[in-house]
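Proteins come first, then strands; the chains are lettered A, B, ... in the order of their sequence lines, and each starts at number 1. Just so you know, these numbers use all the heavy atoms, side chains as well, and skip hydrogens, waters and symmetry mates.
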Amino acid sequence: MSRYDPSTIEPKWQKAWDSAGTFLAKMSSDKPKYYVLEMFPYPSGNLHIGHVRNYTLGDVVARYKKATGHAVLHPMGWDAFGLPAENAAIERGINPEVWTRQNIANMKTQFAMLGLSLDWTREFATCDPEYYGQQQALFLDFLEKGLVYRKNAVVNWDPVDMTVLANEQVIDGKGWRSGAEVERRELTQWFFKISDFSEELLGALDGLDNWPAKVKLMQANWIGKSRGLEISFQRVDGGEVISCYSTRPDTLRGASFIAISPEHPVSRALAEDNTDLAAFIAECRKMDTTEAAMEKAEKRGLDTGITVRHPIYKDVELPVWVGNFVLMDYGTGAVFGCPAHDQRDLDFARKYQLDVQSAFHLPGADLEVGDVALVPAKTEKVVYIDHFAGLTEATSQEGIDATIDYCEHHGLGEAQTKFRLRDWGLSRQRYWGAPIPVVHCDACGVVPEKKENLPVKLPKDVTFDIPGNPLDRHDAWRSTKCPICGKPAQRETDTMDTFVDSSWYFARFTSPGSPTPTNAAEAEYWMNVDQYVGGVEHAILHLLYSRFFARAMHLTGHLPRTAIEPFNALFTQGMVTHAIYQTKRGQDGRPVYHFPAEVEPRDGKMVLIEDGREVEVIPSAKMSKSKNNVVDPVAIIEQFGADTARWFVLSASPPERDVEWTASGAEAAFKHLNRVWMLCDRIAGMDRNAPGEADEALLRDMHKTIRDVTNGIDSFGFNAAIAKLYAFTNVLQKSRASYGAQRKAVMTMAQLMAPMTPHLAEDIWANQGGTGLIADAPWPTADEVMLVESTLTLPIQINGKRKSEIVVAKDASKEEVEKIALADDAVIKALAGTAPKKLIVVPGRIVNVVI
RNA sequence: GCGGGCGUGAUGGAAUGGUAGACAUACCAGACUUAAAAUCUGUUGGGCCUUGUGCCCGUGCGGGUUCGAGUCCCGCCGCCCGCACCA
């Protein structure tokens with residue numbers, strides 16, 4: 001009897017696939033194509049268990065689609081630019097490129113252990129000049145098309161390190177290294193005009209039938225289309241009018257102040273001779289640039305002293321305040337405050353003793369406004385007070401429309417459709433990214449680099465001993481010639497946001513060696529991605545930017561019209577979590593985290609092996625190195641093999657939900673694969689000619705399993721598909737059918753398992769004398785005839801609760817079922833001689849007797 | 001703060017609006033063994049009694065729609081994700 005030894009069979013089959021070129025993507029004239037893509041990884045250096053899940057999910061789809069006769073494209077690459085490489089350079093003096101290349105090499109070795117059906121001939125990293133050079137070409141084409149422009153925008157500035165900080169580098173308003181309070185600083189930066197596509201990106205969501213509804217909803221809310229009123233308020237002192245945008249203009253009667261952004265031109269002008277205001281604005285600049293920080297911060301304001309006239313109630317004068325909560329980027333940078341119908345405005349008004357006036361009230365309710373603003377849904381009816389357009393009781397939506405019409409008619413303002421979506425700032429003041437291919441010439445201005453000079457390569461001789469962007473101080477690299485006049489000029493030192501890199505890699509995979517960004521024939525054939533798999537954390541930005549890029553690439557001739565929505569189907573998987581084991585340490589009370597290997601269960605509790613102290617268990621926590629709860633896939637593969645790791649992550653939880661990694665679960669997966677192995681072994685050793693029992697029953701079960709597993713894979717119900725395979729293993733293990741039937745059953749089972757545990761499946765296939773590779777074998781089909789049962793069991797409910805069951809013929813008529821149901825003992829007993837009030841028969845499903 | 005999602009036994013989870021708890025883990029019991037491990041078999045949502053082919057309760061909490069709700073609707077609570085320079 002042989003032993004299941006993944007450490008020998010896994011490398012063996014990996015080699016076999018490799019030398020046979022099993023997973024090379026080839027265009028085919030007689031097969032439908034299928035493009036499976038998982039979000040490519042950042043090369044952090046080590047494979048994370050979350051990667052194992054992500055790539056296994058995609059691999060199941062890829063292998064299954066190959067078996068169902070598709071020409072499959074399943075590529076892999078590296079999202080290789082970004083901050084961690086610079087951090088490594090700062091902390092350890094290692095060159096970012098060297099660090100990144102080492103990480104890629106290391107992770108690629110780890111990837112190979114997983115046995116993924118990838119076409120590695122298409123591999124690239126975004127830090128390859130061949131890749132980012134094509135990205136620079138795209139940038140130039142976008143620039144020519146007017147899809148790129150420059151404007152000022154704020155960044156987080158560390159005044160001590162004299163450097164721009166990413167949002168994650170700002171902790172509680174302070175720079176992560178220097179600890180200095182960050183400031184907002186304005187810089188001239190490059191932007192993609194994604195806002196030109198707001199309407200289009202919103203409308204096209206409707207067509208994305210195979211995207212999760214939640215992702216589409218999140219994107220729609222992010223784009224944030226709103227119809228509102230832009231209305232002007234005249235300054236009492238005769239200064240320039242202040243224009244406000246509101247999506248609730250029906251609350252105009254309740255306006256009691258105007259709040260303008262600290263960056264509003266009026267704020268800036270007034271600050272010139274108002275030191276208090278200047279100080280307040282300076283104070284406001286000491287805040288993160290994140291929206292979350294803005295929203296969470298205490299609402300503060302300063303009265304500018306100027307007033308405006310209410311556009312409708314001319315005798316009402318409103319004070320103008322500068323508010324730290326007003327965004328300059330949205331609307332007009334000024335809002336009117338209506339405390340009665342906006343909670344934030346109400347809090348603000350209470351704080352600064354501003355007037356509170358209702359514009360409407362709920363029918364039958366009083367006007368008193370306490371500490372809670374009245375913010376009804378737009379579909380709810382309210383009673384308007386003294387409405388200028390003559391409204392009384394109406395829905396808020398009707399109130400909004402009437403107000404807009406009135407104001408337009410009287411020349412007070414105009415209807416405006418606005419989007420929350422802002423243009424995409426792509427400039428980064430950093431080294432480790434794709435250089436923006438433009439040149440600054442004293443004579444010619446900002447000039448695009450010539451395409452023949454691409455790629456603009458990053459210099460390799462850089463140091464990180466001084467904070468800031470090494471490109472800025474690399475004079476030799478910066479010095480160049482103006483592409484127009486040929487005089488000495490300076491290169492742009494900003495590099496591109498890494499979201500740019502990941503916004504078109506899926507297109508590049510269709511022809512990774514092409515001397516242009518894409519190759520028309522290859523892109524035409526392989527696009528779109530038929531199934532995209534990745535984390536829900538990318539639901540908005542990455543996916544929205546990619547949708548924009550696909551459109552921009554179409555406009556510049558790099559993608560066909562059919563590829564403007566690049567991802568036909570999207571699947572968002574959950575995280576892999578792991579329990580945290582902690583003990584509280586004495587004085588400071590800070591928890592001490594323990595590795596899983598340091599604890600064990602004892603008397604129903606988790607204790608430290610070392611001294612038996614009880615350990616607190618926090619289940620299902622996000623994996624984090626600092627919490628010592630990270631599972632190393634390599635260690636798991638060395639212990640149990642890749643098939644066990646794959647089987648476990650697939651079986652433990654539905655793929656869209658978080659899955660908790662548990663040692664017992666991994667062991668159970670391993671045990672099961674061992675059982676399958678032994679089962680296969682037993683069948684191989686059976687007497688070929690001995691008669692068997694119940695061959696047909698086994699084969700019927702097999703066909704049901706084919707049907708259920710196929711449905712499971714089709715619907716991403718991998719955990720349920722695996723449960724069916726468990727059940728079938730139990731059946732097969734107990735079967736006393738003939739050799740022929742059992743061999744058929746185990747080979748079919750191997751095929752059904754092949755997308756999940758490909759190495760084990762190959763081995764079973766070979767051991768049972770299968771032809772060729774199981775990876776090349778066509779997917780088994782369920783025989784309809786074998787699925788049909790002659791009778792079925794129907795549950796009987798009495799008043800909706802299950803009380804009994806009956807067995808009826810498969811094709812029994814409704815009348816027959818009723819008759820049998822009414823003859824059932826439990827029904828007779830419950831009816832006690834009376835007639836049922838109602839009798840519901842759902843054919844093939846259920847009978848409900850209502851009494 | 002805003003937007004989105006999730007919540008089912010001791011645990012992971014299953015269930016086109018139609019038998020809640022499939023399948024697995026853990027626990028307990030049994031077989032095998034000198035013993036242990038491994039393996040195999042069986043029990044296990046809670047409660048009640050009259051121990052039955054029994055009754056009642058039960059899918060975060062509170063309401064609602066329906067012949068019928070884990071599933072749909074409304075309101076809470078808790079956790080997770082995103083918030084534009086982390087990837």
Side-chain angles (χ1 to χ4, degrees), chain A residues 39 41-42 44 79 81-84 153 155-156 164-170 189 194 212-215 217-222 224 289-297 299 325 329 343-344 420-430 497-499 501-502 535-542 544-545 572 574-575 577 601 604 619-620 622 651-654 656-660 662 664-665 667-669 671-672 674-675 678 717 719-720 722-727 730 733 793-797 799-805 825-826 836-840 842 844-851:
Chain A
M39 291 179 186
Y42 179 79
S44 59
D79 190 12
F81 277 134
L83 274 184
V155 293
N156 298 307
V164 177
L165 298 178
N167 284 336
E168 73 156 6
Q169 297 174 314
V170 179
Q189 308 197 63
I194 190 172
K214 63 175 174 182
V215 173
L217 190 56
M218 280 190 261
Q219 291 217 354
N221 288 335
W222 184 262
T289 56
T290 68
E291 195 180 304
M294 297 273 289
E295 296 272 340
K296 267 187 247 170
K299 308 296 176 266
F325 53 93
D329 293 322
Q343 191 59 47
R344 293 182 307 172
R420 207 184 73 101
L421 180 64
R422 307 199 295 258
D423 277 332
W424 170 11
L426 70 128
S427 293
R428 296 292 180 270
Q429 294 70 39
R430 280 186 235 298
D497 177 9
T498 56
F499 272 124
D501 311 333
S502 56
V536 72
E537 64 272 21
H538 296 291
I540 298 176
L541 293 177
H542 163 60
L544 192 62
Y545 289 158
T572 55
M575 287 188 301
T577 62
S620 292
K622 188 174 179 170
S651 67
S653 186
E656 68 277 12
R657 229 189 281 180
D658 288 352
V659 57
E660 179 164 354
T662 59
S664 59
E667 271 164 41
K671 278 185 198 171
H672 179 74
N674 269 291
R675 271 174 75 204
M678 309 237 273
N719 57 326
I722 284 179
K724 299 290 182 189
L725 285 166
Y726 267 104
N730 293 340
Q733 201 163 30
T793 306
L794 291 186
I796 305 285
Q797 291 183 337
N799 288 340
K801 292 193 179 192
R802 199 199 76 95
K803 293 291 172 183
S804 181
E805 58 186 32
D825 286 347
K837 243 187 223 167
K838 206 166 179 182
L839 192 58
I840 290 148
V842 183
R845 299 241 43 128
I846 204 161
V847 178
N848 190 9
V849 185
V850 185
I851 295 170

Side-chain donor or acceptor of A:Gln189 under 3.5 Å from a matching atom on the base of B:C85? yes
Quick one: which of B:C57, B:A26, B:G13 gets closest to the side chain of A:Arg657? B:G13
A:Ser653 vs B:G13: side-chain N/O to OP1/OP2 distance below 4.0 Å: yes
Taking B:G45 as the reference, what is the distance to B:U59 when you measure between their C1' atoms (whole Å, please)? 11 Å
With the side chain defined as heavy atoms from C-beta on, A:Ile540 is closest, among B:G82, B:C85, B:G4, to B:G82
With rounding to whole Å, what would you report as the distance between B:C23 and B:C40 at their P atoms? 16 Å
For atom NZ of A:Lys671 and atom P of B:C23, their distance in whole Å: 18 Å
Taking the C1' atom in each of B:A14 and B:A84, what is the distance between them to the nearest angstrom? 39 Å
Is the shortest side-chain N/O distance from A:Lys838 to OP1 or OP2 of B:C67 below 4.0 Å? yes
Can you tell me which nucleotide in B:C83, B:A87, B:C40 comes closest to the side chain of A:Tyr42? B:A87
Select from A:Lys724 and A:Arg430 the residue whose nearest nucleotide in RNA chain B is closer to the 5' end of that strand. A:Lys724
Looking at A:Gln429 and B:C85, is any side-chain donor or acceptor paired with a base atom of the opposite kind under 3.5 Å? yes
If the C1' atom of B:C77 is compared with that of B:U65, how far apart are they to the nearest Å? 23 Å
Per A:Ala652 side chain, nearest of listed nucleotides B:G4, B:A87, B:G12: B:G12
Minimum-distance nucleotide (side-chain atoms of A:Asn221 versus B:C83, B:A26, B:G3): B:G3
Answer with yes or no whether A:Gln797 presents, from its side chain, a donor or acceptor under 3.5 Å of a partner atom in the base of B:G18. yes
CD1-OH distance between A:Ile540 and A:Tyr545, expressed to the nearest 0.5 angstrom: 10.5 Å
Reckon A:Val155 touches a base, only the sugar-phosphate, or nothing at all at heavy-atom distances under 4.0 Å? base
May I ask which nucleotide in the shown strands pairs with B:G1, Watson-Crick or G-U wobble, both distances under 3.5 Å? B:C83
Calculate the interatomic distance between A:Glu667 atom CD and B:A24 atom P; express it in whole Å. 17 Å
Any-strand Watson-Crick or G-U partner of B:C67, both distances under 3.5 Å: B:G18
What's the gap between B:A15 and B:U71 when it is taken at their P atoms, as a whole Å value? 15 Å
Are A:Arg845 and B:G17 close enough that a side-chain N or O sits under 4.0 Å from OP1 or OP2? no
Closest of B:A87, B:C81, B:A14 to the A:His538 side chain is B:A87
Hey, is the side chain of A:Asn719 poking within less than 4.0 Å of OP1 or OP2 on B:A14, counting only N and O atoms? yes
Based on the glycosidic angle (syn within 90° of 0, else anti), state the conformation of B:G75. anti
So if I take every side-chain heavy atom of A:Val536 and compare against B:A84, B:A87, B:C81, which nucleotide ends up nearest? B:C81
Just compare B:G4, B:A24, B:U19 and give me whichever is closest to any side-chain atom of A:Tyr726. B:A24
Integer angstrom distance from the P of B:C55 to that of B:U66: 28 Å
Considering only heavy side-chain atoms of A:Ala727, the closest of B:C85, B:C23, B:G1 is B:C23
Whole-angstrom distance between B:G70 and B:G17, as gauged at atom C1': 11 Å
Nucleotide of B:C83, B:G13, B:U19 approaching A:Arg802 most closely (side-chain heavy atoms): B:U19
With RNA chain B as reference, determine whether A:Ala720 or A:Val215 sits nearer its 5' end, using the nearest nucleotide of each. A:Val215
If you take atom types as modelled and just measure distance, does the side chain of A:Asn848 reach the base of B:C67 with a donor-acceptor pair under 3.5 Å? yes
Between B:G12 and B:G7, how far apart are the two P atoms, rounded to whole Å? 12 Å
